[in-house]
Amino acid sequence: MPGRAAGPVTRTAPAAVLAAVALVGAGCSAAPGTTAQPEPKPTPSRTAPACPEDGVVIKGSRVDAAMGTRAMGITLTNCGTHPYRLDGYPGVRVLDEHRKPLDVKIGHGSDIVDDVGPEPLTLKPGEHARAVLMWRNRVTDVTGPAVNGAFLALTPAEGGGRPQTVRELIDLGSTGKLGVTAWHREGPKPRR
């Protein structure tokens, strides 16, 4: 295995490990006369997509998973030159690895997070709106396979718009259900 030293495995006392981590984290080196090298900064592996004709880009954030409960933020950005109006819920389809739709029930809100419902939004160019997808990876029926999506097809509104595809594991177990909140403005709401 790369990065592992050959030889016998020895166990180190937890206090010694913590002390070594503290020294490394503080910029100290184990050998005199050596200096810690800064870690290289990651370079983007992809360039940002051009703004689509409809003037919005939808992106997913990292899935937050704990004890079978999953949550994933999605952000819609007005990348166009005109105001963009939203009022409601994003359109969501869960797709398999071949980008074929899976039989998943999409509901508003969930038992995981409260959804205060939709509100009319007008996003100026450069502004964002956010919604949250929530699901549970729970297996309650072992007679069939678990539902695992590989992609999400997201639209600015239910039932319409050009779908934008996000690659993400959606591990629904046997529940076949996913909840979504309404779009809401990121950050403080403008004064009226």
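Keep in mind that the numbers below use all heavy atoms, side chains included, and drop hydrogens, waters and symmetry copies. Quantities reported herein were computed from a predicted structural model and do not represent experimental measurements.
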Novice: Search all heavy atoms of Val57 against all heavy atoms of Pro52 and return the closest pair with its distance.
Specialist: CG2-CD, 3.6 Å

Novice: A quick test of your reading: do over 12 heavy atoms of other residues, nucleotides or ligands sit less than 6.0 Å from CD of Glu97?
Specialist: yes

Novice: Rounded to the nearest 0.5 Å, what's the gap from CG on Asp87 to OG1 on Thr122? Could you check?
Specialist: 9.5 Å

Novice: Taking atom CZ of Arg85 as the centre, does the number of heavy atoms from other residues, nucleotides or ligands within less than 6.0 Å exceed 12?
Specialist: no

Novice: At their closest point, which heavy atom of Val147 faces which heavy atom of Leu102, and how far apart are they?
Specialist: CG1-CD1, 4.0 Å

Novice: Mind listing the closest non-hydrogen atom pair of Ile58 and Gln164 along with its distance?
Specialist: N-OE1, 2.8 Å

Novice: Could you pull out the closest heavy-atom pair between Gly173 and Val139, with the gap in Å?
Specialist: CA-CG2, 4.0 Å

Novice: Please check: side-chain N/O of Thr75 versus main-chain N/O of Lys59, any donor-acceptor pairing under 3.5 Å?
Specialist: no

Novice: As an exercise, state the distance from CG of Leu152 to CD1 of Ile170, rounded to the nearest 0.5 Å.
Specialist: 4.0 Å

Novice: To the nearest 0.5 Å, what is the distance between NE2 (His108) and CG (Asp115)?
Specialist: 8.0 Å

Novice: Ignoring hydrogens and geometry, is there a side-chain-to-backbone donor-acceptor pair from His184 to Gly117 under 3.5 Å?
Specialist: yes

Novice: Filter on salt bridge (Lys or Arg N to Asp or Glu O under 4.0 Å), then keep only pairs touching residues 121-135, sequence neighbours left out; what's left?
Specialist: Glu127-Arg185

Novice: Distance check, rounded to the nearest 0.5 Å: Ile106 atom CD1 versus Leu133 atom CG?
Specialist: 8.0 Å

Novice: Is there side-chain contact between Pro90 and Leu76, with heavy atoms separated by less than 4.5 Å?
Specialist: no

Novice: Nearest heavy-atom pair of Val56 and Arg162: which atoms, and what distance?
Specialist: O-NH2, 3.4 Å

Novice: Considering non-hydrogen atoms only, spot the tightest contact between Pro163 and Thr155 and give its length.
Specialist: CA-CG2, 3.5 Å

Novice: I'd like to know if the side chain of Trp135 reaches the main chain of Thr175, judged simply by a donor and an acceptor atom lying under 3.5 Å from each other, with no hydrogens or angles considered.
Specialist: no

Novice: What is the distance from atom CG of Leu178 to atom CE of Met134, rounded to the nearest 0.5 Å?
Specialist: 7.5 Å

Novice: Does one hydrophobic cluster hold both Leu95 and Leu154, with members joined at side-chain heavy-atom distances below 4.5 Å?
Specialist: no

Novice: Report the distance from atom OG1 of Thr165 to atom CZ of Arg93, rounding to the nearest 0.5 Å.
Specialist: 11.5 Å

